[in-house]
2 protein chains.
Amino acid sequence: MGTVSNVINRPEAVLPQTRARVLAAIEELGYVRSESARQLRAGRSRIMALLVLDMGNPFFVDVARGAERAARAAGLGVMVCNSGQSPTEEAEYLGLFAEQRVCGVLVTPADATGRNLEAFSRHRIPFVLVDRVASGTGTCAVSVDDVRGGALGVGHLVSAGHRSVAYVSGPGDLHQIRDRREGALSALADAGLPPEALVEIPSDRLDVAAGRDAGARLLGLVPRPTAVFCANDLLALGVLQALYAAGVRVPHDIAIVGYDDIEFAAAAAVPLTSVRQPAVVMGRMAAELLLEEADDEGGTHEHRSVVLQPELVVRASSATPR
Amino acid sequence: MGTVSNVINRPEAVLPQTRARVLAAIEELGYVRSESARQLRAGRSRIMALLVLDMGNPFFVDVARGAERAARAAGLGVMVCNSGQSPTEEAEYLGLFAEQRVCGVLVTPADATGRNLEAFSRHRIPFVLVDRVASGTGTCAVSVDDVRGGALGVGHLVSAGHRSVAYVSGPGDLHQIRDRREGALSALADAGLPPEALVEIPSDRLDVAAGRDAGARLLGLVPRPTAVFCANDLLALGVLQALYAAGVRVPHDIAIVGYDDIEFAAAAAVPLTSVRQPAVVMGRMAAELLLEEADDEGGTHEHRSVVLQPELVVRASSATPR
DNA sequence: GGTGCGCAATGAATCGATTCATTCCCCTAG
DNA sequence: CTAGGGGAATGAATCGATTCATTGCGCACC
């Protein structure tokens, strides 16, 4: 009924007594408006999707927090999903989002080819890249300057006197990982050190267990680097534990620098020096960009790429050696 | 059109050539079926909601993982939300779920009075309690035996010779917290120790920062307990750090036992002894119970309460003292 | 007293998938 | 040759909120 709709959406257009009568009926019947019906009419839902690489990583939990806050301020719900770095999963979720007619998608792409997103863009559902620079001007994106982050982390170690730094990396197809290495190399170059001063310890995952493995390999290196820079804090925590278990003292024998500055980095027994990413801000800004794009009726929207700056947080794990 | 619907939902009822023609058209137009419309007709959506206390706690991330896996196996999406232990937020989200006509809700109640859920139950949307025993037989629930968990943790400490144990608790209105204390007390009683042997260090949150605070207070206690049992691992990690910073050796001076056995417990420099909760299994079972209840047409569904057993995982933080 | 204006409420159309009754065709059997 | 039956496609009704055109009512002004 039209009047009921008015009572809910434009109360001022209804006589107070009618309004009261309708509200009473609503209360009595326990009526709850159906979102499906509204959605059908409106053509899109009031839900924003967030697709991240790994919900087990507190970094992404923070991104989710920021996005959720911004979305709820705008009266939207958030659906948080996990691609687990699998392009297949990612494609599946994107399909789900299209069917749901979500009002927009925040996504940290797992598929480096960009094929999934290209396919998705046909649905005319706005999306914003998170923690990834836009390839063209056709997309909004919020990212952190990973090259600078890598430079910050390794620059800090180099200026503390380290001449050989291990880099515990992650899946090579992730942009973030490559950029951080690039920054690390540039920091070495700035200090007049050769690229060989960066000893890469490859890893195919970005979790604590992978960090433990990497730590074990680090211990086997001859000569052994005096410092290690990790592509994220989960790896760093794993490395820290492996070193501790082997009786290697941090930072006395080996200094450690992580990346992300998750809560657990500061909470480690030897608090981790880490390159802080403004995760919550990133989630919030991404959501805001998305809302802007989604609310845009007249095609006036201009895609924007926001690049945030990382920040070095020095803690005990990298105190000056020797 | 009816035929299109048949092509998608009952392909065998359509002639192969017609089917091919329809599929070709679908492909050409980039057609994606609208979930809103299906939902409107079906009366409920194909999304399951999960409302947890704190997404910053890896324990709940694991629960979410388990639930998501089970839900996706059944072709459903999962919407993970965060009440932040606030009954108000909880009520808001439950309202949102009702509007969305989600097919069911998995919830770790933040509102101890049960008023929110009572109100929600009017909507006839099935829900399953997670990490909480059912109050009556009117609800499905999956929980872990927290009394037993408390007894395991403190029993372990007592049998290692500790005579005075601190209990870092959490918000007093949470069932889990009270049950774990009860178990702790029973373990003391079993060892012939008086209730006063358990020194409670109250805390109003369950995160690492609260653990640091608690650790500081623990250090000020006279006489100082020789062991501490924490209501969850985040608190334990905070306590561990506070002790480490103060130069108190773990486990030599003070032993620590946590609860949940999150990944970071094992990853700590001094790996934490912890009472493991089968979080992933809990999420999976809760989702399965919910699916069972939601699929039940004839009202044949019998509400069930599943109680899982915790398990003590002994690590370095509680090695025998003295 | 009659006409006109304006505010409020009513009713119908719409969104898109589903479902079921109906129609349509073709083939077979009487 | 026709009637009947079965398999396949069509079309209309449905879900519930929204929106807009229409109706209806009351009051004021001529």
Side-chain angles (χ1 to χ4, degrees), chain A residues 1-47 74-77 95-104 122-126 294-295 297-298, chain B residues 1-47 74-77 95-104 122-126 294-295 297-298:
Chain A
M1 202 195 307
T3 305
V4 175
S5 179
N6 283 334
V7 167
I8 294 173
N9 302 315
R10 298 147 54 202
E12 75 285 357
V14 176
L15 281 192
Q17 56 164 8
T18 316
R19 198 189 318 158
R21 220 150 34 94
V22 172
L23 289 175
I26 283 179
E27 179 64 27
E28 186 182 333
L29 297 174
Y31 165 89
V32 176
R33 143 179 92 181
S34 155
E35 262 298 309
S36 341
R38 308 186 70 193
Q39 278 175 34
L40 178 57
R41 193 92 229 296
R44 59 171 155 139
S45 90
R46 297 161 53 76
I47 289 185
L76 299 178
L96 187 69
F97 298 157
E99 288 198 347
Q100 298 281 347
R101 301 283 195 277
V102 295
C103 62
R122 290 194 220 294
H123 301 306
R124 329 196 132 272
I125 295 178
D295 288 346
E297 301 290 327
Chain B
M1 200 195 308
T3 305
V4 175
S5 178
N6 283 334
V7 168
I8 295 175
N9 301 315
R10 298 148 53 204
E12 74 285 358
V14 177
L15 280 192
Q17 55 162 14
T18 316
R19 197 189 317 157
R21 219 150 33 94
V22 172
L23 289 175
I26 284 180
E27 180 64 29
E28 186 182 332
L29 297 174
Y31 164 88
V32 176
R33 142 178 93 183
S34 154
E35 261 300 308
S36 343
R38 309 187 68 192
Q39 278 175 35
L40 177 57
R41 192 92 229 297
R44 61 175 153 130
S45 89
R46 297 160 52 76
I47 289 184
L76 299 176
L96 188 69
F97 298 159
E99 287 197 347
Q100 299 280 349
R101 303 283 196 279
V102 296
C103 65
R122 288 194 221 296
H123 300 306
R124 330 194 133 274
I125 294 178
D295 289 345
E297 301 290 325

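Atom set for the values below is all heavy atoms of this structure, side chains included, hydrogens, waters and symmetry mates excluded. Sequence lines set the chain letters: A, B, ... in the order given, protein chains first and strands last, and positions in each chain run from 1.
Taking every heavy atom of both residues into account, B/Leu96 and A/Gly77 meet most closely at CD2-CA, 4.4 Å. Across every non-hydrogen atom of A/Val102 and A/Ser45, the tightest pair is CA-OG, 3.5 Å. Annotation for A/Phe97 and A/Ile125: closest pair O-CD1, 4.1 Å, computed over non-hydrogen atoms.
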Just by protein heavy atoms under 4.0 Å, how would nucleotides 15-24 of chain D read 5' to 3' in B, S and -? BBBBB-----
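Direction of the helix axis in the helix from C/dG1-D/dC30 to C/dG30-D/dC1 shifts by 70° between the two five-pair termini, rounded to 10°.
Residue B/Leu15 contributes atom CG, which lies 11 Å from atom P of D/dT10 at whole-angstrom precision. Per the geometry, CD belonging to B/Gln17 stands 13 Å off C1' belonging to D/dG7, to the nearest Å. Between the CZ atom of B/Arg21 and the C1' atom of D/dT10 there is a distance of 13 Å, given to the nearest Å.
Side-chain contact check for A/Arg46 versus A/Arg38: some heavy-atom pair is nearer than 4.5 Å. Residues B/Asn6 and B/Arg19 have side chains not in contact (no heavy-atom distance under 4.5 Å, counting atoms from C-beta outward). Two residues are said to be in side-chain contact when any heavy atoms from C-beta on lie closer than 4.5 Å; A/Gln100 and B/Ile47 meet this criterion.
Judged purely by atom type and a 3.5 angstrom limit, A/Arg44 uses its side chain to pair as donor or acceptor with the backbone of A/Ala294. Here the side chain of A/Arg10 pairs no donor or acceptor atom with the backbone of A/Val7 at under 3.5 angstrom.
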